[in-house]
Amino acid sequence: MHKPYLSVTEDGPVAVVTLSRPEKRNAIDEASVNEIEAWFSKIPPHIRVVLMKAEGDHFCAGLDLREHHDKARSGVEFMRVCQGWHRAFDRIQHSGVPVVAVMQGAVVGGGLELASAAHVRVADASTYFALPEGTRGIFTGGGATVRTARIITPGRMVEMMLTGRVVDVHEGKAMGLCHYICDEAKGDKPAAELGMELARKIAGNAPLSNYAIVTGIHKIADMSATDGLYTEGLIMAMVQSGEDVQARLGDFVHKRAHKVTLES
Ligand code: 1HE
């Protein structure tokens, strides 16, 4: 029997999804990717945000290289495996539920592809990023050419893949691979704590706004400017029909809402 790859708990509206294969540095085999696809395809309706984290010292070491080696897959077999990764990570990115990733240690290869599908990425000081596929004789197959390249630019991805070099957390943040760094040695709160704080904050947004943010922006990036602007207008019309919109606007009008300041 395959030990479950994901362990899931709930904290109010936040589902905490933990990669639970630390003995293999959370490497992803076929069963794991199927589990990811299945869970993110059926997020319970009361869940407003997912916090994705990982057990052990490393977020995710990517493709299970042992399984790949032992199965000696043909090109077509590996293409099918990659299509499974694409389906699974598409569910993460496009399910309509915001996903906050909390990372530590290695976020490499398919691990970086997994993190790239999340919407908000929090890293601790030990986090590092790499795309070592070139050094392993393979290529990316979990969506990096689309998602990671968009985050860091295609040119930077080419360089990272050609050299296989390790990008530390500070360079990674400058590239957009993480949005926050929690350095506990410098007095920052633990990354998991900040991740949960952000998840709860996001859960407090209007649900339709969150849905539009995580589904609309990336889709519009695939469109022409004309189509994108038209779609933006339609999304705005749909979102502003949400039931709590008037109440939220009223809170501002009646000076009950927070102001947007550097301190807020
Ligand atoms: C693994 C994997 C894995 C660890 N597949 N088993 N990814 C990589 O090229 C990264 C490969 N892994 C590493 O470089 C290192 O394992 C780490 C830096 C992440 C961690 O090092 P360390 O010293 O903490 O652990 P370790 O001793 O290397 O590994 C512990 C165990 O995890 C060991 O198994 P054991 O049975 O000997 O105990 C490792 O074999 C196992 N392990 N990483 C399988 N990746 C859709 S295409 C995506 C393409 C890619 O992702 S390519 C990038 C692959």
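Atoms within a ligand are numbered from 1 in the order they appear, just like the ligands themselves.
Remark: of the listed residues N205, L51, V214, I213, V214 is the sole one forming a side chain to side chain contact (heavy atoms under 4.5 Å, CB included) with P98.
Looking at E35 and K3, no side-chain N of the basic residue comes within less than 4.0 Å of a carboxylate O on the acidic one, giving no salt bridge. Electrostatic pairing of D29 and K24 does not count as a salt bridge here, judged by no charged N lying under 4.0 Å from a carboxylate O.
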Polar pairs, ligand 1 vs protein, N/O only, below 3.5 Å.
{"from": "ligand 1", "atom 1": "5 (N)", "to": "L63", "atom 2": "O", "distance (Å)": "3.4"}
{"from": "ligand 1", "atom 1": "5 (N)", "to": "L65", "atom 2": "N", "distance (Å)": "2.9"}
{"from": "ligand 1", "atom 1": "7 (N)", "to": "A61", "atom 2": "O", "distance (Å)": "2.7"}
{"from": "ligand 1", "atom 1": "9 (O)", "to": "R136", "atom 2": "NE", "distance (Å)": "2.6"}
{"from": "ligand 1", "atom 1": "9 (O)", "to": "R136", "atom 2": "NH2", "distance (Å)": "2.8"}
{"from": "ligand 1", "atom 1": "24 (O)", "to": "R25", "atom 2": "NE", "distance (Å)": "2.9"}
{"from": "ligand 1", "atom 1": "24 (O)", "to": "R25", "atom 2": "NH2", "distance (Å)": "3.3"}
{"from": "ligand 1", "atom 1": "24 (O)", "to": "H58", "atom 2": "NE2", "distance (Å)": "3.4"}
{"from": "ligand 1", "atom 1": "25 (O)", "to": "R25", "atom 2": "NE", "distance (Å)": "3.0"}
{"from": "ligand 1", "atom 1": "25 (O)", "to": "R25", "atom 2": "NH2", "distance (Å)": "3.2"}
{"from": "ligand 1", "atom 1": "32 (O)", "to": "E23", "atom 2": "O", "distance (Å)": "3.4"}
{"from": "ligand 1", "atom 1": "34 (O)", "to": "K24", "atom 2": "NZ", "distance (Å)": "3.3"}
{"from": "ligand 1", "atom 1": "36 (O)", "to": "K24", "atom 2": "NZ", "distance (Å)": "2.4"}
{"from": "ligand 1", "atom 1": "45 (N)", "to": "A61", "atom 2": "O", "distance (Å)": "3.1"}
{"from": "ligand 1", "atom 1": "45 (N)", "to": "L63", "atom 2": "O", "distance (Å)": "2.9"}
{"from": "ligand 1", "atom 1": "51 (O)", "to": "L63", "atom 2": "N", "distance (Å)": "2.8"}
{"from": "ligand 1", "atom 1": "51 (O)", "to": "G110", "atom 2": "N", "distance (Å)": "2.7"}

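Counting only heavy atoms from C-beta outward, the side chains of K186 and I181 never approach each other to under 4.5 Å. Residues H68 and V81 fail the side-chain proximity criterion, which asks for heavy atoms closer than 4.5 Å.
Taking Q93 as the reference, R147, H218 meet the side-chain hydrogen bond (donor to acceptor under 3.5 Å, both in side chains) condition, with sequence neighbours excluded.
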